[in-house]
Amino acid sequence: GIPDRNLSKYDPNYLSRIVNDRKKFCKICNIVKKGDEIEHCEDCDVCVEEYDHHCPWTGKCIGKRNKPFFVCFVGSIMVMIIYMMVASIVCWHILEMKEGGNSKGRTSRVGSRSRHKQILSSTG
């Protein structure tokens with residue numbers, strides 16, 4: 001079967017015989033780390049291979065196995081932000097064209113206010 005994670009209970013001197021380097025053993029998980037790039041995440045309480053950081057938005061540790069997915073996640077958010085900015089600029093430009101293109105003059109503001117009053121009075 002699969003041995004228990006707590007290997008020290010089988011042999012009391014096991015931990016002292018493995019290595020003298022404390023980086024090789026995680027006292028919290030009670031496991032021997034099989035590489036130098038494994039770190040313990042205090043937020044998730046697990047050891048992660050090639051640990052990068054703990055992401056508060058996904059609630060996961062970012063490491064070797066999920067880093068490509070995290071990069072896609074961040075990239076898709078950047079694409080969405082750029083899309084929303086472009087769409088906002090285009091919509092603003094279309095509205096300005098419908099109002100006559102005079103956004104700095106007082107007449108377009110007054111005209112849009114009276115139009116809003118007409119819309120509100122007709123719905124209420």
Side-chain angles (χ1 to χ4, degrees):
I2 299 172
D4 189 27
R5 287 175 66 178
N6 189 356
L7 299 174
S8 61
K9 74 179 183 181
Y10 297 113
D11 183 2
N13 298 324
Y14 178 77
L15 298 177
S16 61
R17 287 189 300 117
I18 294 178
V19 224
N20 291 331
D21 188 11
R22 290 184 179 168
K23 291 181 180 177
K24 296 279 185 183
F25 182 74
C26 178
K27 292 180 181 179
I28 300 169
C29 294
N30 287 330
I31 61 169
V32 177
K33 299 176 184 178
K34 294 182 180 180
D36 294 333
E37 297 192 14
I38 297 175
E39 292 182 37
H40 187 82
C41 175
E42 294 177 4
D43 295 319
C44 291
D45 202 29
V46 294
C47 285
V48 180
E49 189 175 4
E50 293 182 21
Y51 178 77
D52 188 36
H53 69 285
H54 182 84
C55 179
W57 293 286
T58 60
K60 303 277 183 193
C61 295
I62 307 304
K64 180 180 181 179
R65 295 191 302 176
N66 63 355
K67 196 167 191 174
F69 300 108
F70 180 73
V71 170
C72 288
F73 170 70
V74 172
S76 66
I77 289 175
M78 293 300 295
V79 168
M80 183 188 70
I81 289 171
I82 292 169
Y83 172 77
M84 293 302 291
M85 289 175 63
V86 169
S88 298
I89 291 170
V90 168
C91 288
W92 177 76
H93 183 68
I94 290 171
L95 287 174
E96 288 294 314
M97 295 296 281
K98 285 184 179 179
E99 289 182 0
N102 188 6
S103 64
K104 294 180 184 176
R106 187 130 171 91
T107 57
S108 67
R109 288 185 186 161
V110 172
S112 65
R113 283 184 190 157
S114 63
R115 199 168 353 158
H116 290 296
K117 287 180 183 178
Q118 288 173 354
I119 292 170
L120 290 175
S121 65
S122 66
T123 58

In Å and rounded to the nearest 0.5 Å, what is the CZ to CD1 distance from Phe73 to Ile62?
9.0 Å
Report the distance from atom NE2 of His54 to atom NZ of Lys60, rounding to the nearest 0.5 Å.
9.5 Å
Solution key, residues 80-88 side-chain donor-acceptor pairs under 3.5 Å, sequence neighbours excluded:
unit_1 : atom_1 : unit_2 : atom_2 : d
Ser88  : OG     : Met84  : O      : 2.8

Does the side chain of Asp52 come within less than 4.5 Å of Lys67's, by heavy atoms?
yes
Indicate if Trp92 and Leu95 have the same hydrophobic cluster label, given that clusters are the connected sets of ILVMFWY residues with side-chain heavy-atom separations under 4.5 angstrom.
no
For His53, check ring-ring contact (aromatic ring centres under 6.0 Å, His included) against everything at least two apart and list the hits.
Phe70
Check: residues 37-49 side-chain donor-acceptor pairs under 3.5 Å, at least two apart:
unit_1 : atom_1 : unit_2 : atom_2 : d
His40  : NE2    : Asp45  : OD1    : 3.1

